[in-house]
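Taking it in order: structure first as structure tokens, then the write-up.
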Amino acid sequence: METTTIHVLKQKVEIILPVNGLEEKLLQAQKENRKLIIKLGFDPTAPDLHLGHAVVLKKLKQFQDAGHQITIVVGSFTARIGDPTGKNKSRQPLSTEAVQHNAETYLNQLSKLINVSKATIVFNSDWLDGLSTSEIIQLLSRVTIAQLMHRNDFNQRFNNNTPIAMHELVYPILQGFDSMKIRADIEMGGTDQLFNCTMGRQLQESFGMNPQVVLCMPLLKGLDGKEKMSKSLNNFIGLTEEPNDMFGKTMSIPDSLIPEFLELASDFSAEEKLHLNELLNNGENPMNLKKILAKNIVKQFHHEAAALKAEAFFSNQFQNKTFDKKVFEPVSLNAIKSVNGSISILELCFQLKNSLSKSAIRKLIESGAVLVNNKKIVDSQLMIKLKKETRIKVGKRDFFELK
RNA sequence: GGGAGUGUCGCAUAGUGGCUAUUGCAGCAGACUGUAAAUCUGUCACCUCACGGUAUCGCUGGUUCGAGUCCAGCCACUCCCA
């Protein structure tokens, strides 16, 4: 194996365990003339992939390009437990249909980054469902509480006197068991998966196998610039989002996050990154760099033309101050229920934005979030005549025009 | 099994039986900006066009003119001792 390949494969990886493990595995594969089995697990609960996942997936793609075998383990069994994050207590069991459906949408999103048809897909309920009680006890006997307590999450909760349920302790063990079952050579994940992945090493070893190498990618921060990107915190950019949303969300990240996004979320070459970072340090307006970044991100998941369009849309919609130049979502006059063609601004906004209650809308109006034909309306009871080409802005993002 | 505690908004925190349940963070909206940060303002249980109405301090009852607060039972969690 050439050193350049190894160099590429090690790029950006935050943790490799053991340190020289990757080289050894690659060498071993070469000697035995076989592909390495690269494991990636996922729980088919709410399969909305975002840029944080993409960091791991791009690395996976590099392995695939180098000729190795990717195995996706769908946690159809473990999803019923839920990876203990401390937030979700116990999860509802998923129906087989739901698992199937989630797995499909997941794989569909995966295909944006890796070649799914060349990957192996397995469901861990295939082997976990059939374990007998004594087999489970056997498995559990290979792990001690002290080992489990090394996991940060457990440790903290234990010390803070917050409850840890037994089944949560079992989760990492089952994940490790998966690695043994599929004979994984390498397991990939974010750094938050480090512990679970090491469990795989331990179990493989105790079953007399050569333990897997653990590769952890850094965690991308979310749009708030504080927490890691995650769906539950609603600070994510989804892989399937529309170009305009992707662009806008990228523009909303704090400036301090630009270097991290350049490094982890963009696909710029090393030289380009260096150049952009220099610009940033030399006082270039961060906004311009974010635009470059945003275009790059959109391009990865859509295409160049979409990226340019998204930029133009953004500049016009949110940066240009001229109200009339904006893009308004057309709403048919007929769709608005009114009395004699007149309607209170409150009722109108309520009908336009059906996700909010009237009370919530009234608060929006009173705080000055609603413009009608570029005039701020603060009185929620103001009656207006419905007529074509009336333009209404609600909040930061919603623009409507009556047709 | 025995004993001692705790439970208030997404999180964290105040709350001598008495008026509208406090404050911070996060969120939402506005101002200023570059849908950045910082700052300031408003909002932050639900509903009503509105005067206003209906809720709510783990749950169910009780005492009381009046209960987040007192009492009883239950539930959940924690700690200590078996």
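Since this is a predicted model, take the numbers as computed values, not measurements. Within every chain, numbering begins at 1; the chains are lettered A, B, ... in the order of the sequence lines, protein sequences first and strands thereafter.
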Assess, by modelled atom type and distance only, whether the side chains of A:Q175 and A:Q193 contain a donor and an acceptor separated by less than 3.5 Å. yes
When rounded to whole Å, the NZ to P distance for the pair A:K376 and B:rU41 reads 17 Å
Sticking with atom C1', work out how far B:rU8 lies from B:rU56, rounded to a whole angstrom. 10 Å
Any luck finding a side-chain donor-acceptor pair between A:Q69 and A:T120 under 3.5 Å? yes
B:rC46 and B:rA29, which share atom name P, separated by this distance in whole Å: 16 Å
Cationic N near anionic O, under 4.0 Å, A:K290 to A:D255: yes
Going by side-chain contact (heavy atoms from CB on, under 4.5 Å), name the residues that satisfy it together with A:L364, two or more places apart in sequence or in a different chain. A:L356, A:A369, A:V394
How would you list, by chain and number, every residue that makes a salt bridge (Lys or Arg N to Asp or Glu O under 4.0 Å) with A:K10, sequence neighbours excluded? A:E23
Sequence neighbours excluded, every pair satisfying ring-ring contact (aromatic ring centres under 6.0 Å, His included) that has a member inside residues 259-301 of chain A: none
Which value, in whole Å, describes the distance between the P atoms of nucleotides B:rC71 and B:rU64? 16 Å
From CG of A:D224 across to C1' of B:rC11 the rounded distance in Å is 14 Å
Check against salt bridge (Lys or Arg N to Asp or Glu O under 4.0 Å), A:R201 and A:E205: CA-CA 6 Å; A:R201 278 177 64 76; A:E205 207 162 14; 5.4 Å; no
Between B:rA21 and B:rG52, how far apart are the two P atoms, rounded to whole Å? 16 Å
Quick one: list whatever passes side-chain contact (heavy atoms from CB on, under 4.5 Å) with A:K12, sequence neighbours left out. A:M217, A:E263, A:L264, A:K273
Is any side-chain N or O of A:S367 closer than 4.0 Å to OP1 or OP2 of B:rC28? no
Under 4.0 Å, heavy atoms only, any strand: does A:S359 hit a base, just the sugar-phosphate, or nothing? base
Work out how far the P atom of B:rU23 is from that of B:rA14, and round it to whole angstrom. 14 Å
Let me have RNA chain B in dot-bracket notation, would you? Count Watson-Crick plus G-U wobble pairs, both distances under 3.5 Å, and use [ ] for pairs crossing earlier ones and | for inter-strand partners. ((((((((.[[[..)..(....]]].(((((.......))))).(((....)))...[[[[[..)....]]]]]))))))).
Rounded interatomic separation in angstrom, taking CG from A:D398 and P from B:rG30: 11 Å
By nearest heavy atom, map A:K358 and A:K393 onto RNA chain B; which one lands nearer the 5' end? A:K393
For B:rU69 versus B:rU6, give the span between their C1' atoms, rounded off to a whole number of Å. 15 Å
I'd like a list of close polar pairs between nucleotides 33-37 of chain B and the protein, N/O only, cut-off under 3.5 Å.
from   : atom 1 : to     : atom 2 : distance (Å)
B:rG34 : N1     : A:D255 : OD1    : 3.4
B:rG34 : N1     : A:D255 : OD2    : 2.8
B:rG34 : N2     : A:D255 : OD1    : 2.5
B:rG34 : N2     : A:K290 : NZ     : 3.1
B:rU35 : OP1    : A:Q319 : NE2    : 2.1
B:rA36 : O4'    : A:K290 : NZ     : 3.0
B:rA36 : O2'    : A:D255 : N      : 3.1
B:rA36 : N3     : A:D255 : OD2    : 3.1

When A:I38 is tested against each of A:E187, A:K25, A:M188 for side chain to side chain contact (heavy atoms under 4.5 Å, CB included), which residue passes? A:M188
Separation of A:L356 atom CG from B:rG27 atom P, in whole Å? 18 Å
Protein-nucleotide distance (A:M166, atom CE; B:rC77, atom P), rounded to Å: 14 Å
List for me each residue that meets ring pair (Phe, Tyr, Trp, His ring centres under 6.0 Å) alongside A:F399, sequence neighbours excluded, and say none if there are none. A:F328
Taking the P atom of each, how far is B:rA67 from B:rU54, in whole Å? 16 Å
Output a table of nitrogen or oxygen pairs between the protein and nucleotides 79-82 of chain B separated by less than 3.5 Å.
none

For the pair made of CG in A:L371 and P in B:rG30, what is the distance, rounded to whole Å? 9 Å
When rounded to the nearest 0.5 angstrom, what distance separates CD1 in A:I6 from CG in A:L27? 8.0 Å
Applying ring pair (Phe, Tyr, Trp, His ring centres under 6.0 Å) to A:F314 and not counting sequence neighbours gives A:F247, A:F318
Quick one: do A:E347 and A:K358 make a salt bridge, cutoff under 4.0 Å? yes
What does the list of N/O pairs under 3.5 Å between the protein and nucleotides 50-52 of chain B look like, with a distance for each?
from   : atom 1 : to     : atom 2 : distance (Å)
B:rA50 : OP1    : A:R362 : NE     : 2.8

Mind checking what makes salt bridge (Lys or Arg N to Asp or Glu O under 4.0 Å) contact with A:K181, not counting sequence neighbours? none
Euclidean distance for C1', B:rA38 against B:rG17 (whole angstrom): 45 Å
Just to verify, what does A:K309 make a side-chain contact (heavy atoms from CB on, under 4.5 Å) with, not counting sequence neighbours? none
